[in-house]
Amino acid sequence: MQFQNDLISWFAAEKRDLPWRRTADPYQIWVSEIMLQQTRVDTVIPYYKRFVEKFPTVNDLAEADEEVLLKQWEGLGYYSRVRNLQAGVKEVAEKYNGVVPASRKEISLLKGVGPYTAGAILSIAYGIPEHAVDGNVMRVLSRILLIEEDIAKPKTRKVFEDAVTEIISHEDPSSFNQGLMELGALICTPTSPKCLLCPVRDHCAAFHEGKQHELPIKTKAKKTKALQYAMLAIQKGDKVLMEKRPPTGLLANMWQFPMVELAGEALAAEIEEELSENFSGSVSGAEKIISFKHVFSHLTWNVDGFIAQGENLKVPEGMKWVTAEELESLPISGPVQKMKTALQQRGDV
DNA sequence: TACTCGTGGAG
DNA sequence: TCTCCAAGAGT
């Protein structure tokens, strides 16, 4: 098919030199695909290099400590990805003797491997003609094939999977799938697609109809909620109190300065009162040092950051006193990093 | 199905 | 400043 040839030839000539394109190792390709979920290429590159250097094989990752993994992942977001990745890798180590399975049925059973990632690993690492439909592919094919279904709806993905299954190259499924994604990243972009540079323009129904700017059809997301917190750097000598978040939910198992949810803006006097209730000990000298907003994908934190001194505190389960050096080894999220930076600039940590 | 789950860059 | 988003998966 001429479409396949035009796409694959363009990919061969124009593809970016990315680190995960320099390996044929299914495990390392797996790592890259997990990191790339909802995350930009430029962001992933340094994380990917560090990760495969530190965990070059399935066994290296299977044996790693979760806290070390989270520290490696720190700043990438969607932290359950690395927990699920390790769970999947452990299963490959134990059940498949360290070899990533090469069938959609088996690979899809691995934790964290969904329909896209399964197809990506199968096609890129094993050369198997399986669909790998991500946001790029839906955007590109919605234009080429003039598909006007809402790509925000989950059921729509199957339409594109079926389309790819029909048109995928069996000679080079890796270049075909990657070519569609690369085209979406470089040419067939969300706004102002570069149609005059497009290698498959002649095959594009939307370009033919002048509708490339109207596709894809995508309904808008609803707006997010906001929550108010006080974040507390409680000091005792040269140590500060840190708290581990619960094992599920937002920022699971990440560390933070103890936080309390509030109804409105936090005042120092109220914080001291709140703390004495929560800690059964003496907390004094509360002082607000920073106020900031942190926007997550589905909610916003409005945070007032305080320093305070703790005396004779009974440390609750899941909290511990850490030195400045120990603090550096704990995985923390963006908002906690903002507080930590403020403390360091004051010389308090 | 709809919601949860992070971050930083682009327009 | 605001919106949308970028190689999605789990529940």
Side-chain angles (χ1 to χ4, degrees), chain A residues 11 15-16 18-21 29-48 70 73-85 87-88 107-125 131-140 150-158 160-161 164 174 176-186 188-193 216 218-225 227 245-254 256 293-301 331-338:
Chain A
F11 179 68
K15 66 181 177 186
R16 291 167 291 177
L18 303 173
W20 44 90
R21 288 180 176 162
I29 291 170
W30 182 3
V31 170
S32 76
E33 290 300 340
I34 300 301
M35 286 189 172
L36 285 163
Q37 289 170 5
Q38 302 292 288
T39 311
R40 287 184 154 70
V41 165
D42 289 341
T43 302
V44 167
I45 289 173
Y47 283 89
Y48 173 81
L70 284 172
W73 211 267
E74 181 183 287
L76 254 190
Y78 288 144
Y79 298 98
S80 288
R81 287 185 294 177
V82 73
R83 226 181 339 268
N84 291 337
L85 173 60
I107 204 172
S108 296
L109 290 174
L110 300 173
K111 195 72 68 75
V113 178
Y116 163 76
T117 303
I121 297 172
L122 292 173
S123 61
I124 297 171
H131 59 74
V133 174
D134 70 337
N136 282 312
V137 173
M138 288 198 283
R139 180 175 62 259
V140 169
D150 183 358
I151 68 169
K153 295 193 177 304
K155 60 182 293 188
T156 302
R157 197 190 66 238
K158 180 172 173 31
F160 292 92
E161 289 174 347
V164 171
S174 171
F176 183 89
N177 279 342
Q178 290 190 75
L180 280 181
M181 292 187 277
E182 195 79 340
L183 194 63
L186 301 181
C188 197
T189 48
T191 58
S192 60
K218 187 176 184 181
T219 54
K220 307 201 188 305
K222 66 174 191 179
K223 51 186 170 187
T224 62
K225 291 176 284 192
L227 297 173
R245 291 180 63 86
T248 58
L250 182 66
L251 304 173
N253 283 349
M254 301 287 279
Q256 65 185 13
K293 177 169 71 173
H294 188 87
V295 179
F296 295 95
S297 48
H298 60 299
L299 57 89
T300 297
W301 283 3
I332 60 176
S333 62
V336 181
Q337 180 64 52
K338 288 175 185 173

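Order of the sequence lines sets the chain letters (A, B, ...), proteins ahead of strands, with each chain counted from 1.
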* To do: I would like to know whether A:Gln256 and A:Arg245 meet side chain to side chain donor-acceptor pair (under 3.5 Å); could you show each step before the answer?
  => CA-CA 7 Å; A:Gln256 65 185 13; A:Arg245 291 180 63 86; 2.9 Å; yes

* Can you tell me if A:Asn84 uses its side chain to pair, donor with acceptor, with the backbone of A:Lys111 under 3.5 Å? -> no

* Asked: OH/A:Tyr79 to OG/A:Ser333 distance, rounded to the nearest 0.5 angstrom?
  -> 6.5 Å

* Asked: Looking at A:His294 versus A:Phe296, is the centre-to-centre ring distance below 6.0 Å?
  -> yes

* Asked: A:Asp150 and A:Thr219: side chain to side chain donor-acceptor pair (under 3.5 Å), yes or no, with the steps?
  -> CA-CA 7 Å; A:Asp150 183 358; A:Thr219 54; 2.9 Å; yes

* Structure fact -> In whole angstroms, the gap separating P of B:dT4 from OH of A:Tyr79 amounts to 19 Å

* Structure fact -> Here the distance between atom P of C:dG8 and atom CZ of A:Arg139, to the nearest Å, is 10 Å

* Structure fact -> Contacts of A:Lys222 and A:Ile332 projected onto DNA chain B by closest heavy atom; the upstream (5') one is A:Lys222

* Would you indicate, yes or no, if B:dT7 has its OP1 or OP2 atom less than 4.0 angstrom from a side-chain nitrogen or oxygen of A:Tyr47? => no

* Asked: How many Å lie between CG on A:Asp150 and P on B:dT1, as a whole number?
  -> 11 Å

* Let me know, please, whether A:Pro154 or A:Phe296 comes out on the 5' side of the other along DNA chain B by nearest nucleotide. => A:Pro154

* Indicate, with a heavy-atom threshold strictly under 4.0 Å, whether A:Trp301 touches base, sugar-phosphate, or nothing. => nothing

* Atom OH of A:Tyr78 to atom P of B:dG6: distance rounded to whole Å? -> 8 Å

* Can any side-chain N or O of A:Arg157 pair as donor or acceptor with the backbone N or O of A:Lys153 at less than 3.5 Å? -> no

* Asked: Which part of the nucleic acid does A:Ile29 contact within heavy-atom distance under 4.0 Å: base, sugar-phosphate only, or nothing?
  -> nothing

* To do: Using the P atom as the reference point in each nucleotide, state the distance between C:dC4 and B:dC3 in Å, no decimals.
  => 16 Å

* To do: Using a heavy-atom cut-off of under 4.0 Å over every strand shown, decide if A:Arg21 touches base, sugar-phosphate, or nothing.
  => base

* For B:dC5 versus C:dA6, give the span between their P atoms, rounded off to a whole number of Å. => 23 Å

* To do: Check the distance between C:dC2's P and A:Lys223's NZ and give it to me in whole angstrom.
  => 12 Å

* Closest nucleotide among C:dA6, B:dG6, C:dC5 to the A:Pro190 side chain -> C:dA6

* Is any side-chain N or O of A:His298 closer than 4.0 Å to OP1 or OP2 of B:dA2? -> no

* Asked: Is there a donor-acceptor pair closer than 3.5 Å between any side-chain N or O of A:Arg139 and the backbone N or O of A:Cys188?
  -> yes

* What nucleic acid atoms does A:Gly184 come within less than 4.0 Å of, heavy atoms only: base, sugar-phosphate, or nothing? -> nothing

Return the polar atom pairs (N/O with N/O) between nucleotides 9-11 of chain C and the protein under 3.5 Å, or none.
unit_1, atom_1, unit_2, atom_2, d
C:dA9, OP1, A:Gly114, N, 3.1
C:dA9, OP1, A:Gly114, O, 3.4
C:dA9, OP1, A:Thr117, N, 2.9
C:dA9, OP1, A:Thr117, OG1, 2.7
C:dA9, OP2, A:Tyr116, N, 3.3
C:dG10, OP1, A:Gly112, N, 2.4

* Asked: Is it true that A:Arg21 and A:Glu182 make a salt bridge, defined as a side-chain N closer than 4.0 Å to a carboxylate O?
  -> yes

* To do: In whole angstrom, give the distance that lies between atom CD of A:Gln178 and atom C1' of C:dA6.
  => 16 Å

* Identify whether any heavy atom of A:Ser333 sits under 4.0 Å from a base atom; if not, whether one sits that close to sugar-phosphate; answer base, sugar-phosphate or nothing. => sugar-phosphate

Every protein N/O within reach of nucleotides 9-11 of chain B N/O, cut-off under 3.5 Å:
none

* Asked: What about the rings of A:Trp73 and A:Tyr47, do their centers lie closer together than 6.0 Å?
  -> no

* To do: Considering non-hydrogen atoms only, spot the tightest contact between A:Val133 and A:Met138 and give its length.
  => CG1-CG, 3.5 Å

* Distance in angstrom units between A:Leu36 CG and C:dC5 P, rounded -> 19 Å

* Structure fact -> note: A:Glu33, atom CD; C:dG8, atom C1'; distance rounded to Å ~ 11 Å

* Think A:Lys220 has a side-chain N or O under 4.0 angstrom from the OP1 or OP2 of C:dC5? -> no

* Asked: Quick one: does A:Thr39's side chain have a donor or acceptor within less than 3.5 Å of a partner on A:Leu36's backbone?
  -> no

* **Span that lies between the P atom of B:dG8 and that of C:dA9, in whole angstrom** => 23 Å

